[in-house]
Amino acid sequence: MEAYLYEPLEENKVKCNLCSHRCVVKDGRRGICGVRENHSEILKTLVYGKLIARHIDPIEKKPLFHFFPGTLSYSIATVGCNFRCRFCQNADIAQMPTDHKGAIMGESFAPSEVVAGAERGRCQSISYTYTEPTVFFEFAYDTAKLAHQKGIRNVFVTNGYMTAEALNMINPYLDAANVDLKAFSDKYYKELCGAKRKHVLETLKLMKSLGIFVEVTTLIVPGLNDERAELKELATFIRNDLGSETPWHISRFHPTYKLTDRPSTPVETLKIAREIGLGVGLKYVYTGNVPGDEGENTFCCNCGQMVIERWGFQVGKLRMENGHCTTCGANIDGVWA
Ligand code: SF4
């Protein structure tokens with residue numbers, strides 16, 4: 001299928017404007033993501049409807065904690081990614097074209113089949129997740145549009161590297177996003193992910209200004225992005241540029257893929273990061289990948305009452321009504337049923 005958002009250049013080249021790499025792709029070649037190919041000046045997406053993963057997940061798994069808690073999200077992915085994170089937890093599918101000589105696998109689905117699956121599974125949303133949804137944008141866009149017609153919401157779980165053009169295009173159908181803000185140093189983004197931090201910050205700010213509901217996730221990797229000063233800078237960016245009501249998920253690293261030379265993140269480090277986030281004034285800071293930790297729960301930012309209890313991805317007791325704490329009546333930020 002012909003891709004969206006590209007332009008022809010001289011000598012049969014094309015420029016892809018879907019993500020901030022803005023690849024110039026020669027005839028017969030693919031972009032960095034490995035799933036968009038120039039066929040004689042026509043850029044084609046090679047992954048339209050080729051789903052490599054399709055599951056019904058709790059929305060908490062995205063993670064989104066302030067967006068219809070306790071509901072199910074129909075979750076899909078194709079292969080491919082525009083980042084090269086050395087710690088990728090889904091490298092077998094995300095990096096498949098890169099690591100396996102351009103291989104693209106997946107079962108063919110139409111947008112209508114995905115939406116029907118979400119309806120059958122009583123899912124309130126469809127999540128474009130596991131790999132990077134930007135690189136299967138055309139399918140996500142067509143599916144999201146159809147989903148809205150059926151009253152189903154759409155969620156991107158993303159590295160935030162789409163261009164403003166792409167984001168503006170999908171904005172009418174995109175309800176929420178969990179965006180990775182992987183670190184607060186340019187060096188980390190360049191050396192560990194093959195990307196530029198500034199573009200992610202731009203996307204986050206644009207999402208907020210467009211009214212897309214945003215939660216942020218940071219995977220803390222020992223020795224690479226766990227300095228207190230950097231965490232404080234990152235948390236301060238969220239507070240100042242996205243708003244103190246933006247939930248921040250601090251997630252635990254485990255050695256995987258190309259990053260196996262260091263241990264899992266100590267739970268203590270996550271607790272320190274959470275204190276830093278709360279200390280700069282963020283209202284909702286969560287520790288991830290640590291089931292049973294206090295930092296999984298939502299507390300009222302006014303009276304401190306636990307308003308949503310969680311265990312892993314399970315939601316327990318809710319002590320809020322119509323988005324307000326039942327103890328003190330304060331507003332709890334989010335999008336509630
Ligand atoms: S989506 Fe990004 S990585 Fe893929 S071809 Fe387009 S600009 Fe390049």
Side-chain angles (χ1 to χ4, degrees), residues 1-52 76-86 88 90-91 93-106 128-144 154 156-171 173-174 177 179-182 186 189-204 206-207:
M1 176 188 169
E2 184 173 358
Y4 302 159
L5 297 169
Y6 76 97
E7 57 191 287
L9 297 176
E10 73 293 348
E11 295 167 359
N12 284 352
K13 292 180 204 155
V14 296
K15 184 179 180 190
C16 176
N17 292 315
L18 179 56
C19 91
S20 293
H21 286 307
R22 296 193 189 267
C23 297
V24 172
V25 188
K26 287 186 185 162
D27 193 12
R29 306 296 289 269
R30 295 186 191 176
I32 289 172
C33 56
V35 298
R36 297 167 85 74
E37 195 168 86
N38 180 351
H39 291 196
S40 307
E41 250 181 85
I42 307 285
L43 187 66
K44 301 235 168 160
T45 166
L46 307 178
V47 289
Y48 189 90
K50 285 199 174 169
L51 300 187
I52 193 77
I76 60 167
T78 72
V79 301
C81 187
N82 49 356
F83 276 24
R84 295 284 174 272
C85 302
R86 299 181 62 76
C88 180
N90 289 328
I93 54 174
Q95 301 300 334
M96 182 188 282
T98 310
D99 290 349
H100 298 280
K101 299 180 181 161
I104 289 177
M105 289 168 68
Y128 308 84
T129 178
Y130 306 129
T131 61
E132 173 50 46
T134 305
V135 308
F136 60 94
F137 184 83
E138 290 78 6
F139 189 72
Y141 179 86
D142 291 353
T143 306
N154 296 295
F156 264 28
V157 181
T158 174
N159 57 29
Y161 220 58
M162 69 275 281
T163 56
E165 300 95 289
L167 187 53
N168 279 312
M169 189 172 168
I170 200 155
N171 172 43
Y173 312 109
L174 188 59
V179 182
D180 273 350
L181 181 50
K182 294 173 190 278
D186 294 337
Y189 263 94
K190 187 174 172 214
E191 294 179 1
L192 279 104
C193 310
K196 289 183 182 152
R197 177 181 61 128
K198 67 173 184 179
H199 296 306
V200 180
L201 304 186
E202 285 161 5
T203 299
L204 276 163
L206 182 55
M207 279 183 171

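Computation of the quantities below employed the complete heavy-atom set of this structure, encompassing side-chain atoms and omitting hydrogens, waters and symmetry-equivalent molecules. Ligands are counted one by one from 1 in listed order, and the atoms in each one are counted from 1 as well.
Remark: minimum distance from atom 1 (S) of ligand 1 to any protein heavy atom is reached at Arg36 CD, 3.6 Å. Here the heavy atom of the protein found nearest to atom 2 (Fe) of ligand 1 is Cys19 SG, 2.3 Å.
Not a single N/O/S atom of Cys33, whether from backbone or side chain, sits less than 2.8 Å from atom 2 (Fe) of ligand 1. Among the atoms of Cys16, an N, O or S atom falls under 2.8 Å of atom 6 (Fe) of ligand 1.
Between the side chains of Asn159 and Tyr189, no donor-acceptor pair of N or O atoms lies under 3.5 Å.
Contact annotation: the side chain of Thr45 never approaches that of Phe139 to less than 4.5 Å [non-hydrogen atoms, C-beta and beyond]. Proximity of Glu132 to Phe83: side-chain heavy atoms (C-beta onward) are nowhere separated by under 4.5 Å.
Under the 3.5 Å distance criterion, the side-chain polar atoms of Tyr161 are matched with a main-chain donor or acceptor of Lys196.
Each of the following atoms of ligand 1 lies closer than 4.0 Å to a heavy atom of Ile32: 3 (S), 8 (Fe).
Heavy-atom proximity to atom 8 (Fe) of ligand 1, evaluated over Ala195, Gly194, Cys23, is greatest for Cys23. When the options Ala3, Gly34, Gly31 are ranked by their closest heavy atom to atom 5 (S) of ligand 1, first place goes to Gly31.
Contacts between Arg22 and ligand 1 below 4.0 angstrom, taking non-hydrogen atoms only, involve the backbone exclusively.
Note that the CZ atom of Arg29 and the NZ atom of Lys13 stand 11.5 Å from one another [nearest 0.5 Å].
In the displayed structure, Met105 atom CE is contacted under 6.0 Å by at most 12 heavy atoms of other residues, nucleotides or ligands.
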